[in-house]
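Chain naming here is simple, since letters A, B, ... match the order of the sequence lines and numbering starts at 1 in each. Atoms considered below: every heavy atom in the structure, side chains included; atoms not considered: hydrogens, waters and symmetry mates.
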2 protein chains.
Amino acid sequence: MPSDMPPERPTERLPDRRAGILQLVIQDYIETATPVASRHVVEKYALPASPATIRHEMHALEEQGYLTHPHTSAGRIPSNRGYRHFVQSLMGHAELGMAEQASVRHQFFQAAPAVDEWVELAANVLARSLGLLVIVAPPHPERLRVRQLELIALNELLVLMIVVVQEARMIRQLMPLPQPVEVDELADLAAKLSGDLRGRSARDVRQAAQHSTDAPQHTVEAVVLETLAQVLERDAQRAGIPAIAGLGGMMAQPEFQHEPERSLELIELVDQHAAQDLIPAAVIDDFTMGGAMHVLIGDDHPTELLQECSLVLAPYGSSIPDPAAPEIPGYVGIIGPTRMNYPRSIAAARFYSQLLQEMIDAVYGVNR
Amino acid sequence: MPSDMPPERPTERLPDRRAGILQLVIQDYIETATPVASRHVVEKYALPASPATIRHEMHALEEQGYLTHPHTSAGRIPSNRGYRHFVQSLMGHAELGMAEQASVRHQFFQAAPAVDEWVELAANVLARSLGLLVIVAPPHPERLRVRQLELIALNELLVLMIVVVQEARMIRQLMPLPQPVEVDELADLAAKLSGDLRGRSARDVRQAAQHSTDAPQHTVEAVVLETLAQVLERDAQRAGIPAIAGLGGMMAQPEFQHEPERSLELIELVDQHAAQDLIPAAVIDDFTMGGAMHVLIGDDHPTELLQECSLVLAPYGSSIPDPAAPEIPGYVGIIGPTRMNYPRSIAAARFYSQLLQEMIDAVYGVNR
DNA sequence: GTTAGCACTCTCAGTGGGAGAGTGCTAACT
DNA sequence: AGTTAGCACTCTCCCACTGAGAGTGCTAAC
């Protein structure tokens, strides 16, 4: 019932004791996943006050919107607002332990020096260590521009198109032809297009296709241009495909134990690699503008299914940006129940994103 | 209770009517996932007999081990034996519809011409069309042999190792050194090892490392050899990593609705890409020996979790084998509840495995 | 060999009650 | 004014119970 909630006044200042109790309640709930009772918190943390007093404070915290309880005779649960306050003001700054940092670094040096490998590795290791869903995306070029085009006839009606792009990638694409073509003719076409299209992106190619081709649709040239444009778009997309791991740990979290439908929805999103539903586009856009780490709590999230989850997101990318080849930053994303361990998750997201950035700079930065 | 089951006599011949009833029961159960009652089958299929008669036959089928029922007053369910008989003798031969075949072919031609892409695509499309778990593995070389070795110093203590192998792949590996090394020294080492190790596999490299190096452990050469061996093994593994898709559809199957623990186990296997637990090693070995399509039903499966599932497996590989470079075949695997649609699954596994083989031969066969 | 009839068994959904857990409130205490 | 004990009240959770419904197995007649 969000309408009952008092408006959030970010300047509002909690008395020290009340803030302390809020912190204890949140920490305890993060740890135990059960509503925390006044008596429980007094005994566990040996507070110098009686349950009744704590109850009083909890009541006040509830009126201010930091806590709720699921039903009359249950303990308190943090509200989204409570979590937000915890993250912003209460929890302090944490780092991963040195031993863990060293062990993770070691694993990265064991891996093959390719961004895709690192991304995969980061997702797996992080998911295992947190027991949450982890999504790691590589930084990738915003658009690809043609450097060279080759057309190799496999037989009369089947051509292998090879596109070398300026962003240091090579794309191969199998392409059926609308009509048989001579080998020479094909080579000429490739040479011509290679010259015409150097430095052009998918959009340019589309425009060229519409303008230059007189005979519409089915000429060989039209088919080649259309395929080329498609391929450029697709490969720019593909370069940014994120790794997702940790579904097992996530589904083992108590909040999913008794909610088969919600579980199933989430499984389907992951099964379909639907990163666009898991990570809000607005945040990615913000990263591209130079934004920093994000923490989205509860109903901040646009995907309904994830409105009872939180998302910790840390961007990274090559630290030596090339203005001629704009890049969409990569990110380390951690999705968990709103009850997730924020200090640890935030520290981990920060550490892994920095590590990925270091790795990229160390290995790819050298070649520049 | 497998001990109560009569021994399987494969020569046993079912009377026609009884076999027909078995077929109807199995088809109906595959369709509805609810135990099928005598009355139900009579009405639905307009049988020229009364429920009591059918009941009589069902009773006989149960005594022969083809059917069971979950409790006294429930309808009949096929036993594993029943499914096996259905697959072997009752169900006949099915093919995918022409429209579906064409649509799938089209999607494959749209994709980039790389085995990894096809494998990924096959898993996704097939999973979506069946609503089951699909695992597709590419064929891959049994072992990799060194063709050439390069060592590129990134800084004094960090080297990028590049291995070109005879199986037409390139491997890159970042490698920290135990002690600073001059650039020239490194080049000499690379040249020497390149000569010594040409044509050698991971095992050979390991042996070379043990014999040749006098100073144990920490010489640069020892580190390089050890890393090289690791890298060869790892990359041979990685080349065969299968694509897995369809977890969502699988978890939506009714048999998983009320079994959260079993669901969770399966989710974890998939989350960890544990193909070795999903596909029995014995079957893969058999493929390597030239085996054909397999159907494993129920407790045929070595992984306990999957003993209430069935597995349809179709191998494929380049049809032009090269004896100098032995290859582990790829496969199309379909995992579902024992209640899965066998005719369709088997037809699909056959079609996709043949298609993958065609694709590989068409694009890679040309270069030979 | 087939069928109708009927008793029997088992599941499933819904109900009710008792135990337990925690709160909210009030009145007394410091 | 803040803190505390005491107590009534509420809600969940678990368990046992029940009746309806579904299907079978058996028997006796066709």
Whole-Å distance separating the [atom1] atom of [X] from the [atom2] atom of [N]:
X      : N      : atom1 : atom2 : answer
A:M58  : D:dT4  : CE    : P     : 14 Å
A:H40  : C:dT23 : NE2   : P     : 11 Å
A:I77  : C:dG22 : CD1   : C1'   : 13 Å
B:R18  : C:dT2  : CZ    : P     : 10 Å
B:L67  : D:dG25 : CG    : P     : 11 Å
B:I54  : C:dT3  : CD1   : P     : 8 Å
B:Q257 : C:dC12 : CD    : C1'   : 18 Å
B:E57  : D:dC26 : CD    : P     : 16 Å

Given [options], which nucleotide is nearest the side-chain atoms of [X]?
X     : options                : answer
A:T53 : C:dG24, C:dT3, D:dT3   : D:dT3
B:S50 : D:dA5, C:dG22, C:dT3   : C:dT3
A:E62 : C:dC10, D:dT10, C:dG24 : C:dG24
A:A49 : C:dG24, D:dT4, D:dG25  : D:dT4
A:R17 : D:dT3, D:dC11, C:dT3   : D:dT3

- Task: With DNA chain C as reference, determine whether A:A74 or B:A52 sits nearer its 5' end, using the nearest nucleotide of each.
- Result: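 In this pair, the answer is B:A52.
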- Message: Let me spell it out: for each of B:P48 and B:H71, pick the nucleotide of DNA chain C with the closest heavy atom. Which residue's pick is nearer the 5' end?
- Response: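 Its nucleotide being nearer the 5' end, the pick is B:P48.
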- Which part of the nucleic acid, if any, lies within contact of B:H56, taking any heavy atom under 4.0 Å across all strands shown: a base, the sugar-phosphate backbone alone, or nothing?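 It contacts nothing in the nucleic acid.
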- Determine the contact category for A:S73: base if any of its heavy atoms lies under 4.0 Å from a base atom, sugar-phosphate if only primed atoms, P, OP1 or OP2 are that close, otherwise nothing.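 Contact class for A:S73: base.
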Scan every strand shown for a Watson-Crick or G-U wobble partner of [N], both distances under 3.5 Å, and answer none if you come up empty.
N      : result
D:dG21 : C:dC10
D:dC26 : C:dG5
C:dG17 : D:dC14

- Message: Just so I know, are the side chains of B:V134 and B:I244 near enough to count as touching, which here means a heavy-atom distance under 4.5 Å?
- Response: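 They are not in side-chain contact.
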Less than 4.0 angstrom between a side-chain N/O of [X] and OP1 or OP2 of [N], yes or no?
X     : N      : value
A:S38 : C:dT23 : yes
A:H69 : C:dG22 : no
B:R55 : C:dG1  : no

Verify the neighbour count for atom [atom1] of [X]: are there more than 12 heavy atoms of other residues, nucleotides or ligands below 6.0 Å?
X      : atom1 : answer
B:R128 : CZ    : no
A:H258 : NE2   : no
A:H56  : NE2   : no

- Give a yes or no on whether the backbone of B:S310 and the side-chain of B:T338 come within a donor-acceptor separation of less than 3.5 Å.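 Absent.
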- Query: Given A:P35, which of A:T68, A:L67, A:I77 fulfils the side chain to side chain contact (heavy atoms under 4.5 Å, CB included) condition?
  - Reply: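 Option passing the side chain to side chain contact (heavy atoms under 4.5 Å, CB included) with A:P35: A:I77.
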